[in-house]
Every structure is written in C-alpha cells, then in structure tokens.
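We name chains A, B, ... by the order of the sequence lines, and we start the count at 1 in each one. Just so it is clear, the structure is predicted and the values come from calculations on it, not from any experiment.
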Amino acid sequence: MAKKYWLFKSEPGEFSIDDLEKCPGKRTYWDGIRNYQARNFIRDKMRKGDGVLFYHSNADPLAVVGHCEIVKEAYPDHTQFDPDNKHFDPEAIQKEPRWFMVDIKLKEKFKTPVTLKQIKENPKMKDFRLIQRGNRLSVMSVTKSEWDEIIRLSR
DNA sequence: GCCAACGTTGGC
DNA sequence: GCCAACGTTGGC
C-alpha cells in the first residue's frame with residue numbers, strides 16, 4: 001500500500017516536539033487517543049513508514065513544527081487500563097482493548113514552523129482538514145500534496 | 001476566559 | 001432511536 005500521511009495534534013504543555021526530541025531514539029508511543037474516529041485511523045489505517053505532521057495546538061505559535069514517521073503499527077494503549085492515568089477508561093477490558101496507539105519517530109524538527117496563519121492564507125491548503133470548521137479531531141489524514149506543501153513552507 | 005462546534009451520555 | 005444536557009476541544 002502506498003505511503004499515507006497524517007497529522008497529530010499535541011498541546012506542547014502536555015507533550016511538545018522538544019519532548020519528543022529528548023525521547024530515546026527520538027521515538028515514543030502516541031497514547032491517550034479517546035475518540036473513535038481517530039481510533040479507527042490508528043487501528044485500521046496507519047502503516048509503518050507513513051508520514052506524520054506534528055502540530056502544536058493551544059500554543060504560541062499554533063503551527064506544524066516537524067514531521068515524524070510511524071515506526072510501529074497499532075497495539076493496545078496501556079493507559080486505558082491504568083486507574084492512575086488520566087486517560088484511564090473504566091469500561092475498557094483487557095481481552096478487547098478499546099483504544100490503540102502507534103509509535104512514532106521524529107524525522108525532522110522544522111527550523112521554520114509552518115503556522116496556522118500561513119496555512120489559512122495559502123489557497124493550496126484550503127481543503128486541509130485542520131482548518132475545516134469545527135474540526136476537533138486530534139488525528140487526521142493529510143493528502144500528499146498537502147504534505148508536500150507543508151514541507152515546502154518549512155524550508 | 002469566552003464560546004462555537006462537536007462527541008458522548010442517558011432518560012424516555 | 002431521539003434529543004437535551006453535558007463535557008471537551010481549541011482558536012480567538
């Protein structure tokens with residue numbers, strides 16, 4: 001299957017691209033996704049080698065700050081079973097995990113983040129999911145041309 | 001801090 | 001299965 005592209009949102013106060021850069025091997029698991037649409041992307045669609053844009057939400061600046069690669073495909077998100085974790089799901093059962101995660105590895109932290117403002121002003125990005133009205137998905141798909149444009153803007 | 005948009009929950 | 005109430009997200 002052809003390489004696909006995604007965008008992950010993260011609040012830098014929770015987990016920033018700098019935090020990712022400090023992780024061993026610059027890789028981490030992407031836990032805490034508790035939305036079914038996002039879960040289905042993770043569980044059913046993401047494949048090793050797919051590209052991931054890393055976006056800082058609730059931040060200054062609001063921007064795509066780098067890109068990553070999926071290095072491990074979906075497996076159960078252990079935080080759903082951990083009562084001490086803020087993503088604990090009391091309804092989740094071990095035999096049939098409800099929530100999944102992938103592992104990502106940082107490929108590049110942009111020298112120039114691509115801001116939300118830039119994206120909104122760019123006619124080529126008018127269909128970008130991130131800027132669609134009321135879009136609250138924390139994981140979404142990105143087309144190849146959108147990916148290429150973001151990379152170009154970061155240069 | 002506000003609030004629009006959206007997902008989820010639960011009573012009926 | 002409808003839908004009002006509620007909680008959350010996230011830009012502003």
For W99(A) and D89(A), run side-chain hydrogen bond (donor to acceptor under 3.5 Å, both in side chains): C-alpha distance rounded to whole Å, both residues' side-chain angles, the deciding distance at 0.1 Å, then the answer. CA-CA 9 Å; W99(A) 307 112; D89(A) 179 352; 2.8 Å; yes
Checking side-chain contact (heavy atoms from CB on, under 4.5 Å) for the pair V142(A)/R129(A): CA distance, chi angles, key distance, verdict? CA-CA 7 Å; V142(A) 172; R129(A) 287 283 285 278; over 6 Å; no
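Between H78(A) and Y29(A), the two ring planes are perpendicular [angle over 60°; tilted spans 30° to 60°].
Cation-pi contact between K126(A) and F128(A): absent, since separation from the ring centre below 6.0 Å together with deviation from the ring axis within 45° is not met.
With sequence neighbours excluded, no residue forms a salt bridge (charged side-chain N to carboxylate O under 4.0 Å, His left out) with D31(A). For R34(A), the salt bridge (charged side-chain N to carboxylate O under 4.0 Å, His left out) partners two or more places apart in sequence, or in a different chain, are D77(A). Qualifying salt bridge (charged side-chain N to carboxylate O under 4.0 Å, His left out) partners for K144(A), counting only residues two or more places apart in sequence or in other chains: D148(A).
Ring centroid separation for the pair F54(A) and W30(A) comes in under the 6.0 Å cut-off.
In plain terms, the two heavy atoms of C68(A) and I104(A) that are nearest each other are SG-CD1, 3.9 Å.
The line from CD of E21(A) to CG of L106(A) is 6.0 Å long, rounded to the nearest 0.5 Å.
Put simply, CD1 on I33(A) is 15 Å from P on dG7(B), counting in whole angstrom units. The NZ-C1' distance, from K86(A) to dT8(C), rounds to 11 Å in whole Å. To the nearest angstrom, P of dT9(B) lies 11 Å from CG of N35(A). Taking atom CG on N135(A) and atom C1' on dC12(C), their separation rounds to 16 Å, with Å as the unit. The nearest whole Å value for the distance from the CD atom in E14(A) to the P atom in dG10(C) is 11 Å. Atom CZ in F8(A) sits about 18 Å away from atom C1' in dT9(C), given to the nearest Å. The separation between L62(A) atom CG and dC12(C) atom C1' is 9 Å, rounded to whole Å. One can place CD of E11(A) at 8 Å from C1' of dG10(C), the figure rounded to the nearest angstrom.
Of the candidates dC6(B), dG10(C), dG11(C), dG10(C) carries the atom nearest the S138(A) side chain, counting heavy atoms from C-beta on. Set against dG7(B), dT8(B), dG11(C), the side chain of Y36(A) has dT8(B) as its closest nucleotide.
Shown for residues 112-131 of chain A: residues whose heavy atoms fall under 4.0 angstrom of DNA chain C, namely L116(A), K120(A).
Screening K45(A), K3(A), K4(A) for a salt bridge (Lys or Arg N to Asp or Glu O under 4.0 Å) with D50(A), the sole residue that qualifies is K4(A). Each of R27(A), K48(A), K26(A) was compared with D103(A) under the salt bridge (Lys or Arg N to Asp or Glu O under 4.0 Å) criterion, and only R27(A) meets it.
Remark: Y55(A) is in phosphate contact with dG11(C), judged by side-chain N or O atoms under 4.0 Å from OP1 or OP2. Regarding contacts with the backbone of dT9(C), every side-chain N or O of K9(A) stays at 4.0 angstrom or more from both OP1 and OP2.
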For nucleotides 3-5 of chain C, which of its nitrogen or oxygen atoms have a protein nitrogen or oxygen under 3.5 Å away, and what is each distance?
none

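Stem analysis of DNA chain C (at least three stacked-register Watson-Crick or G-U pairs, each with both distances under 3.5 Å) gives B:1-12 with C:1-12.
If R133(A) and N58(A) are placed on DNA chain B by their nearest nucleotide, the residue sitting closer to the 5' end is N58(A).
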